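So the structure is just underneath, and the comments pick up after that.
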Amino acid sequence: MCGVVAVLGKENASQLVIEGLKKLEYRGYDSAGITSVSQGLLQTIKSEGKLLNLIGKLDKSTKEKLYFDNSIALGHTRWATHGNVSFENAHPLTSENKIAVVHNGIIENFEILKKELISLGYNFRSMTDTEVLPHLFMKYIKMGNDLLEAGRLVLKDIKGAFAFVAMSVDFPNQLFVSRNSSPLAIGLGDNANFIGSDAHSIDHLTQKIIYLEDGDHALVKINKISIFDKNFKKVSRKIINIQAEIGLITKGGYKHFMEKEIFEQPVVLPQTTSSFIKNNSEITIDLDKLGFKNKNSLIICAAGTSYYAGIVGKYWIEQIADIPVIVDLASEYRYRKPSIFGQNSILVISQSGESLDTLMALRYAKELGLKTNAIVNVEGSTIDREVDYSLYSKVGPEIGVASTKSFTSQLVILFLIAVSLGKKFNSLTLTQMRKKCQLINMLPSAIAKMLEKENQIKLIAQNIKNSKSVIFLGRGLLYPLALEGALKLKEISYIHAEGFAAGEMKHGPIALIEDDVPVIMFLVSDGNEDKAISNLQEAYSRGAKIILIADKKCIDKATFAHFTVEIAEFENEFKSLLSPLLMSVPAQLLAYHVAKERGTDVDQPRNLAKSVTVE
Ligand code: AGP
């Protein structure tokens, strides 16, 4: 999603902004731009595509001394919402070459504002919603307002979710910033200040960060930052000291971040478990804070992969703790007037902690009177800051757009919630609870064994790389994995893929089966495997190419499969209960290798963003 960086009061501000934009690249974008002020004039450079294109243009202009000695600059990576990917639609957007604005989010009432501005003679050069911002600033500055006053009038005009930064040649060395639902951080320097979509984008410049709260706006000068809340009352916001995340931009010898993130799971997942299990078997999750003083049902909301983690969580919590769980897509939740009967709390799941759909679901649940909890990976993110209680994934920054290690860490936490609830509400004895903790402690070595199957998965990837469509099937705990396997494959390889509950095939999707369509099933023998094998057989009989990734017992039964990958033998309870965690690994590896075979941009697939900050 769009990323914003601004630097005020440092020489070579443009170069420093570019460094910041590089750190936001992983979020996904399709054009970029930068504006600085030189000799009293705005200088803007923009380009479609990757930052390298922009850097090339910037280097040329530096040689031509256009950007020499600038000490103010703002930059942007754009993920197109309104208006296609083009030079004109890239940010910064300007008005009369005196005001420049970069913006993340959507100005929902832009059409009406645009009409008014056109009638006043403002000339629109882009198709974006954002362009109303510089023109509105221009309009109010022409009326005699300073940058702060003009910004406030703009805020009164606009509706939507946004974070933006504006600068004007008429007010040198000042930036107006504002946020509403989209994240924005201000960094404090010596005789310099910085703005970024997240703290990491400016941690090469400072470790002192202020997160603006929703509805805040601020006037940032070289030596002074004045912050105001949504009622325009002056406020002070906490300064947080962050640590520069040095490891973030290294791939550690791997070709892609995704590959690194898949392979580091045996090392990072113990960080998740050890922060919730003490003395090998005491789970430290605070169930009272989680809303379980008494036995209630639970609502889980999330998007994409985090939503699929939520479905696995539902299965575990219902199976282990006998507590009813509803899982909802965050983007649907607040628009469908949900019943909260029997519920006391909501649990949202979000790697980034910034998904706007999930944030909005959380806020809505708050309005309904529910306690709010989150599983998040990014500490200090908006969701983390807004919930009553956060459970941290602790797996370190995830850069590849495809969630891998964050998914498995979410599953680990959900499993521990289920076990903890099971003990509290007497579905599990102390011994049974301890046994389950032992199982989860065995996970890292089991995942390492699953990773050893990479070469066999590569062969399957080579075989299916030219398929038009791929079907994933699963039953029980592996049904959500079928959904996740399909999402992973489609998002990075661009092959159409769908996941189905295996038993549902005959109710419609089986019509999709034709000769050689790959049908992939992850399976473990858990007592119910025969049903799944029958479903697979039904696809085989209609010409599908059957790919089975399973334990020996299942493979021996499904003799008709065209490709099989036999996983290592694990203890029965471990393998059946933790099967979604085990099978995440081949699902991730398969998507990764198909994408690599097809030469797609694995870490930044087309059209996608790591932090989805629009609804
Ligand atoms: C996963 O591979 C996707 N990139 C995507 O579905 C993601 O899980 C979703 O956008 C939710 O993100 P979040 O966990 O950061 O909220």
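Order of appearance sets the numbers: ligands from 1, and atoms from 1 within every ligand. What's counted below: heavy atoms across the whole structure, side chains too, no hydrogens, waters or symmetry copies. This is a predicted model, so every value here is computed, not measured.
- Checking A302, S611, S306 against atom 14 (O) of ligand 1, the nearest heavy atom belongs to S306.
- Checked by distance only, ligand 1 and Q410 stay at 3.5 Å or farther apart across all their nitrogen or oxygen atoms.
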Residue pair T305, K488: steps toward the side chain to side chain donor-acceptor pair (under 3.5 Å) verdict = CA-CA 8 Å; T305 288; K488 212 92 298 170; 3.1 Å; yes
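- Among all protein heavy atoms, the one lying closest to atom 11 (C) of ligand 1 is A303 O, 3.3 Å.
- Classified by interplanar angle (parallel below 30°, tilted 30° to 60°, perpendicular above 60°), the ring pair Y254/F263 is parallel.
- Seen from the ring of Y494, R606 counts as a face-on cation partner, given the 6.0 Å and 45° thresholds.
- Of the protein's non-hydrogen atoms, S355 OG, 3.4 Å is the one closest to atom 12 (O) of ligand 1.
- Between K610 and ligand 1, a contact under 3.5 Å exists for no N or O pair.
- Close approach to S350 involves these atoms of ligand 1, each under 4.0 Å from a residue heavy atom: 13 (P), 14 (O), 15 (O), 16 (O).
- For the pair E25 and K50, the salt-bridge criterion is not met [side-chain N within less than 4.0 Å of a carboxylate O].
- Listed by atom number, the atoms of ligand 1 under 4.0 Å from G304 heavy atoms are 6 (O).
- Considering every non-hydrogen atom in both V401 and P605, the closest pair reads CB-CD, 3.6 Å.
- The side chain of E491, and not its backbone, has at least one atom closer than 4.0 Å to an atom of ligand 1 (non-hydrogen atoms only; side chain from C-beta on).
- Classification of the F110-H82 ring pair by plane angle, with boundaries at 30° and 60°, yields perpendicular.
- Listed here is the closest heavy atom pair of L370 and S345: CD2-N, 3.9 Å.
- What sits closest to atom 4 (N) of ligand 1 on the protein, heavy atoms only, is V401 O, 2.9 Å.
- At least one donor-acceptor pair under 3.5 Å links the side chain of Q265 to the backbone N or O of I262.
- For atom 15 (O) of ligand 1, the nearest non-hydrogen atom of the protein is S352 OG, 2.7 Å.
- Not a single N or O atom of A402, backbone or side chain, sits closer than 3.5 Å to an N or O atom of ligand 1.
- When only non-hydrogen protein atoms are considered, atom 10 (O) of ligand 1 lies nearest to V612 CG2, 3.9 Å.
- For atom 8 (O) of ligand 1, the closest non-hydrogen atom on the protein side is T305 N, 3.2 Å.
- N89 contributes a side-chain N or O that, together with a main-chain N or O of N84, makes up a donor-acceptor pair within less than 3.5 Å.
- A perpendicular orientation is assigned to the rings of F164 and H103, their planes being inclined by more than 60° (bins at 30° and 60°).
- Note on ligand 1: K488 sits in its first shell, one or more heavy atoms being nearer than 4.0 Å.
- Residue-level proximity to ligand 1 for L487 is carried by the side chain, the only part with a heavy atom below 4.0 angstrom.
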